[in-house]
Amino acid sequence: MEKIIIKGGQKLKGTVKISGAKNSALPILAASLLSEETSIIENVPRLRDINTMKKLLESLGVKVNFEGNSVRVEPGNFVGYEAPYEFVSTMRASICLLGPLLARQRKARISLPGGCVIGTRPIDLHLKGLAALGADIDIRHGYIIARAEQLSGNDNIYLGGPFGSSVLATCNVMMAAVLARGETVIENAACEPEVLDLANFLTKMGAKIKGAGSHRIIIKGVNELKGAKHRIMPDRIETGTYMIAAAITGGNINIVNANLRHISAIADRLKQAGVEIIKIDKKIKVRVKDPIRPVDVTTLPYPGFPTDMQAQMTALMSVTEGISVITEKVFPRRFLHVSELIRMGCRVYLEGSSAIINGIKRLSGAQVMASDLRASAALVLAGLVAEGQTVISRVYHLDRGYERMEEKLAGLGANIKRVKR
Ligand code: EPZ
């Protein structure tokens with residue numbers, strides 16, 4: 001089992017390059033199935049989740065070839081329509097194959113994704129949206145079985161749940177609607193930049209989409225789509241993670257290949273905490289001159305503070321003297337990282353969906369265990385500043401969403417290495 005070993009105390013400095021966004025690449029790889037023609041997707045991060053998607057597409061009979069960070073997807077006349085349990089249980093984002101398979105094969109059989117450590121992860125909005133397009137949906141023996149001889153547009157599909165909209169449900173409905181007959185209007189669509197990136201790819205394929213990135217998306221169905229070439233947007237969560245790496249170590253770094261517009265909420269909270277964030281040409285400079293101040297954070301759908309940055313912000317506040325309150329409004333139980341941070345000396349207690357943190361000067365290094373993707377990032381950040389050595393196990397969680405993280409951090413001067421034992 002691989003582990004990551006960190007010796008805390010180095011102030012990060014230098015330049016780090018941001019990779020393509022995992023949460024954009026996954027639905028876009030699924031969307032490439034909507035055409036018989038070949039698509040070329042560039043700036044795809046080499047991650048465990050991307051590899052899982054590659055294996056899923058190949059299990060459907062689709063040719064997928066990587067060259068560096070570029071992927072050539074050749075759907076041709078693939079016949080598959082199933083996403084089996086062994087794939088979906090390792091990556092719930094496999095659910096984003098439902099829309100494309102339904103649109104292309106007129107049927108889909110996808111294992112129910114089930115819950116995960118950050119919450120129950122229901123899919124009712126996915127199913128409601130696809131049923132609104134005329135799909136027959138059945139759930140049997142842990143599988144979603146969806147059929148539709150012909151999908152028909154629906155001018156009022158409201159994608160709203162108790163926690164706002166749904167990113168992947170918006171993606172699924174959009175990917176089905178582009179080949180439906182007639183016009184579809186998605187109300188309360190998710191506004192995350194990854195939804196807009198997917199819409200841009202679909203538009204290059206010949207889809208007719210207006211309003212992506214807003215709460216109302218209008219789609220005019222077409223008969224067929226062509227292959228396309230697309231470059232994945234920068235990963236805004238990776239960007240935010242390295243900004244906090246600079247802040248937590250009192251460092252001074254340059255971030256390149258990032259999109260500052262996508263991280264306004266993160267930058268706002270960090271500036272509020274006293275971190276200096278300056279855009280110089282194509283670089284984002286992040287540096288700390290004075291002690292970081294405690295700030296309160298509430299996670300919200302985009303453009304609010306992203307839930308995928310909550311664990312990392314909790315790590316930063318745990319070494320910021322004073323009281324801060326971090327409230328999780330998207331996945332109210334997303335606090336698995338807290339118990340491991342407590343083992344490093346973090347003073348925090350949970351009250352409902354809030355973490356009340358009484359920050360201290362220094363955490364102490366310890367043996368800790370990663371539990372999910374962003375929780376493991378929080379443990380790495382804490383290890384960068386903790387006294388002594390931190391050993392993180394189950395680092396496969398980290399590899400799901402961060403490309404070569406220990407290499408990038410070592411390049412910024414961190415004392416970090418991966419060991420196989
Ligand atoms: C996407 O997941 C991201 N994953 C998640 O990132 C991210 O945390 C999440 O959006 C929120 O921003 C990918 O894009 C692959 P949702 P998704 O459906 O689409 C509720 C990471 O770390 N909901 O927007 O599955 C749900 O329970 C991952 O990179 C329903 O009620 O999330 C949650 O409370 C983790 N019914 C809220 O909506 C549904 O049918 C938002 O979930 C679907 C969701």
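As the structure lists them, so they are numbered: ligands from 1, and atoms in each ligand from 1.
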Donor-acceptor pairs under 3.5 Å, side chain of residues 352-360 to any protein atom, not counting sequence neighbours: which ones?
residue : atom : partner : partner atom : Å
Ser354  : OG   : Thr327  : OG1          : 2.8
Asn358  : OD1  : Arg347  : NH2          : 3.4

When you measure from the side chain of Glu238 to the backbone of Ser19, do you find a donor-acceptor pair of N or O atoms at a distance under 3.5 Å?
yes
Under the side-chain contact (heavy atoms from CB on, under 4.5 Å) test, residues paired with Ala21 that sit two or more places apart:
Ser24, Ile232, Met233, Asp235
For ligand 1, what is the set of protein residues having any non-hydrogen atom at a distance below 4.0 Å?
Lys22, Asn23, Arg92, Ala93, Ile118, Arg121, Pro122, Ile123, Asp124, Leu125, His126, Phe163, Ser165, Ser166, Val167, Leu168, Thr307, Asp308, Val330, Phe331, Arg334, Leu373, Arg374
Check step by step if side chain to side chain contact (heavy atoms under 4.5 Å, CB included) holds for Val348 and Phe335.
CA-CA 11 Å; Val348 55; Phe335 288 109; over 6 Å; no
With a 3.5 Å distance limit and no angle check, can you tell me whether Arg46 reaches the backbone of Gly68 through a side-chain donor-acceptor pair?
yes
What side-chain hydrogen bond (donor to acceptor under 3.5 Å, both in side chains) pairs are there with at least one residue in residues 328-339, not counting sequence neighbours?
Thr299-Glu328, Thr307-Glu328, Thr307-Arg334, Asp308-Arg334, Gln310-Glu328, Gln310-His337
